[in-house]
Engineer: 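I'd like to ask some things about the structure below.
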Amino acid sequence: MPELPEVETTRRGIEPHLLGRVARGLIVREARLRWPIGAEVAAGLTGLPIKAVRRRAKYLLLDNDRGAAILHLGMSGSLRVLDQQVLLRKHDHYDLLLDDDRLLRFNDPRRFGSLLWQAAGDVHPLLAELGPEPFDPGFDGAYLHARAHARSAPVKHFLMDQHIVVGVGNIYAAEALFRAGIDPRRAAGRVSRARYQRLADAVRMILGHSIARGGTTLRDFLRPDGEPGYFEQELLVYGRAGQPCRVCATPVQSVRLGQRASFYCPRCQH
DNA sequence: CATCGGACCTGTTAGC
DNA sequence: TGCTAACAGGTCCGAT
């Protein structure tokens with residue numbers, strides 16, 4: 001589910017409910033997420049006000065004076081701010097209790113999500129090696145071209161590598177490569193600087209546009225307010241195998257690149 | 001180092 | 001209608 005636009009949509013949805021609220025405690029019903037939820041998370045959060053709700057890559061960070069909780073939604077996770085009375089559903093793994101009698105509830109069927117703690121002054125190893133945000137000024141064609149030097153892996157892999165640039169997952173990689181006219185199978189090291197500039201622009205445009213639409217709803221993604229995202233209606237190639245390209249009407253092709261479905265137009269992308 | 005495959009999970013869907 | 005296999009938005013880790 002969640003790539004950068006969905007995580008950012010979630011951040012914007014929960015931020016007004018969390019900012020300035022004192023965390024009263026953490027109820028963990030299922031600690032076995034991507035990594036087990038440790039006791040340090042509750043200890044770090046409890047008793048202090050939340051000073052910021054940030055996003056870095058696909059991670060959400062809840063800051064207080066002791067440090068930050070690091071939340072990841074994995075493939076199937078979602079967060080909602082609820083009244084305590086609301087009935088528990090399957091896969092509701094933790095609740096962060098707030099001082100206004102509401103709570104932040106995490107649901108995640110596949111349990112690829114995570115909840116970690118980072119002490120003030122520390123940088124968690126998972127965050128330390130991340131590439132630039134797509135909206136950072138340093139993310140451009142020259143940067144991508146330099147990082148791709150001599151790489152033989154498909155450009156789609158390269159674009160989805162969070163050490164290169166963060167936030168681009170399987171859906172938006174397909175969409176950005178389509179907009180840039182680049183075949184997802186092409187070796188990353190064999191894409192020109194000019195085409196990488198188109199790609200960087202396409203990534204920013206698509207992510208920004210999707211955020212404005214509230215993210216993409218495939219299957220079960222819902223925003224924290226329970227509404228779906230609307231970007232799905234604007235996908236040009238993702239999930240459209242066999243259907244006509246919206247630009248040239250050539251049937252959209254599907255290939256598997258490293259265990260993952262990739263969609264592209266054989267006429268528009270080279 | 002870069003690259004590949006496996007691993008972690010459950011739910012939904014496609015195919016027989 | 002039921003059973004099974006394949007596949008799904010992420011990404012770490014170990015082997016090569």
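Residue numbering restarts at 1 for every chain, and letters A, B, ... go by the order of the sequence lines. The structure presented is a predicted model; accordingly, all values stated were derived computationally and were not measured.
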Engineer: Expressed as a whole number of angstroms, how long is the span from A:Leu73:CG to C:dG10:C1'?
Structural biologist: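 The answer, rounded to whole Å, is 10 Å.
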
Engineer: Look at A:Lys90 and B:dT10 and indicate whether a side-chain polar atom (N or O) is within less than 4.0 Å of OP1 or OP2.
Structural biologist: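 Negative; the distance criterion is not met.
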
Engineer: Rounded to whole angstrom units, what separation is found between the NE2 atom of A:His124 and the C1' atom of C:dC12?
Structural biologist: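 Checked: the NE2 to C1' distance equals 12 Å.
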
Engineer: Ignoring backbone atoms, establish whether A:His163 has a side-chain N or O less than 4.0 Å from OP1 or OP2 of B:dA2.
Structural biologist: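 No, A:His163 has no side-chain N/O under 4.0 Å of OP1/OP2 on B:dA2.
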
Engineer: Please state whether the phosphate of C:dG10, meaning OP1 or OP2, lies under 4.0 angstrom from any side-chain nitrogen or oxygen of A:Tyr59.
Structural biologist: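 Checking C:dG10 against A:Tyr59, no side-chain N or O comes under 4.0 Å of OP1 or OP2.
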
Engineer: How does DNA chain C read in dot-bracket, base by base from 5' to 3', with Watson-Crick or G-U pairs under 3.5 Å and | used when the partner is on another strand?
Structural biologist: .|||||||.|||||||

Engineer: Just how far, in rounded Å, is P of C:dG9 from CE of A:Met160?
Structural biologist: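 In whole Å, C:dG9 P and A:Met160 CE are 8 Å from each other.
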
Engineer: When the distance from CD1 of A:Ile164 to P of C:dG10 is rounded to whole Å, what number comes out?
Structural biologist: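 Rounded to whole Å, this separation is 17 Å.
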
Engineer: Can you confirm whether the side chains of A:His17 and A:Arg102 place a donor and an acceptor under 3.5 Å from each other?
Structural biologist: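 Yes, a side-chain donor-acceptor pair sits under 3.5 Å.
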
Engineer: Between the side chains of A:Asp92 and A:Arg29, is the shortest nitrogen-to-carboxylate-oxygen separation below 4.0 Å, so that they form an ion pair?
Structural biologist: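 The answer is no: the pair does not qualify as a salt bridge.
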
Engineer: Just the rounded figure in Å: distance from C1' of C:dG9 to CD of A:Glu8.
Structural biologist: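 Answer to the nearest Å: 17 Å.
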
Engineer: Run the side chain to side chain contact (heavy atoms under 4.5 Å, CB included) check on A:Asp108 and A:His91 step by step: do they pass?
Structural biologist: CA-CA 6 Å; A:Asp108 184 10; A:His91 309 302; 5.8 Å; no

Engineer: In Å, rounded to the nearest 0.5 Å, how long is the span from CD of A:Glu15 to OG1 of A:Thr10?
Structural biologist: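 Answer for the CD-OG1 pair, A:Glu15 versus A:Thr10, is 12.5 Å.
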
Engineer: Kindly point out which of C:dG10, B:dT10, C:dC12 is positioned nearest to the side chain of A:Leu126?
Structural biologist: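 Of all the options, the side chain of A:Leu126 is nearest to C:dC12.
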
Engineer: Let me know the distance between CD of A:Gln162 and P of C:dG10, rounded to the nearest Å.
Structural biologist: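 From A:Gln162 CD to C:dG10 P: 8 Å.
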
Engineer: Go along nucleotides 3-9 of chain B 5' to 3' and tag each nucleotide: B for a protein heavy atom under 4.0 Å from its base, S when only backbone or sugar atoms are that close, - otherwise.
Structural biologist: S----BB

Engineer: Check whether any side-chain heavy atom of A:Glu8 lies under 4.5 Å from a side-chain heavy atom of A:Leu207, and answer yes or no.
Structural biologist: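 No, every pair of side-chain atoms sits at 4.5 Å or beyond.
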
Engineer: Rounded to the Å, how far apart are A:Glu3 CD and C:dG10 C1'?
Structural biologist: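 That distance rounds to 9 Å.
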
Engineer: Report, as yes or no, whether the 6.0 Å neighbourhood of atom CZ on A:Arg32 holds more than 12 heavy atoms from other residues, nucleotides or ligands.
Structural biologist: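 Atom CZ in A:Arg32 is not crowded, with 12 or fewer foreign heavy atoms closer than 6.0 Å.
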
Engineer: Using the six-membered ring wherever Trp is involved, compare the ring planes of A:His93 and A:Phe106 and label them parallel, tilted or perpendicular (cut-offs 30° and 60°).
Structural biologist: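 It falls in the tilted class, 30° to 60°.
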
Engineer: Quick one: do A:Arg204 and A:Asp201 make a salt bridge, cutoff under 4.0 Å?
Structural biologist: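 Salt bridge flag = yes for A:Asp201 with A:Arg204.
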
Engineer: Does OP1 or OP2 of C:dG10 have a side-chain N or O of A:Arg260 closer than 4.0 Å?
Structural biologist: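 Yes, within the criterion.
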
Engineer: Of A:Asn64, A:Leu104, A:Leu96, which meets side chain to side chain contact (heavy atoms under 4.5 Å, CB included) against A:Ile50?
Structural biologist: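 For A:Ile50, the side chain to side chain contact (heavy atoms under 4.5 Å, CB included) test succeeds with only one of A:Asn64, A:Leu104, A:Leu96, which is A:Leu96.
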
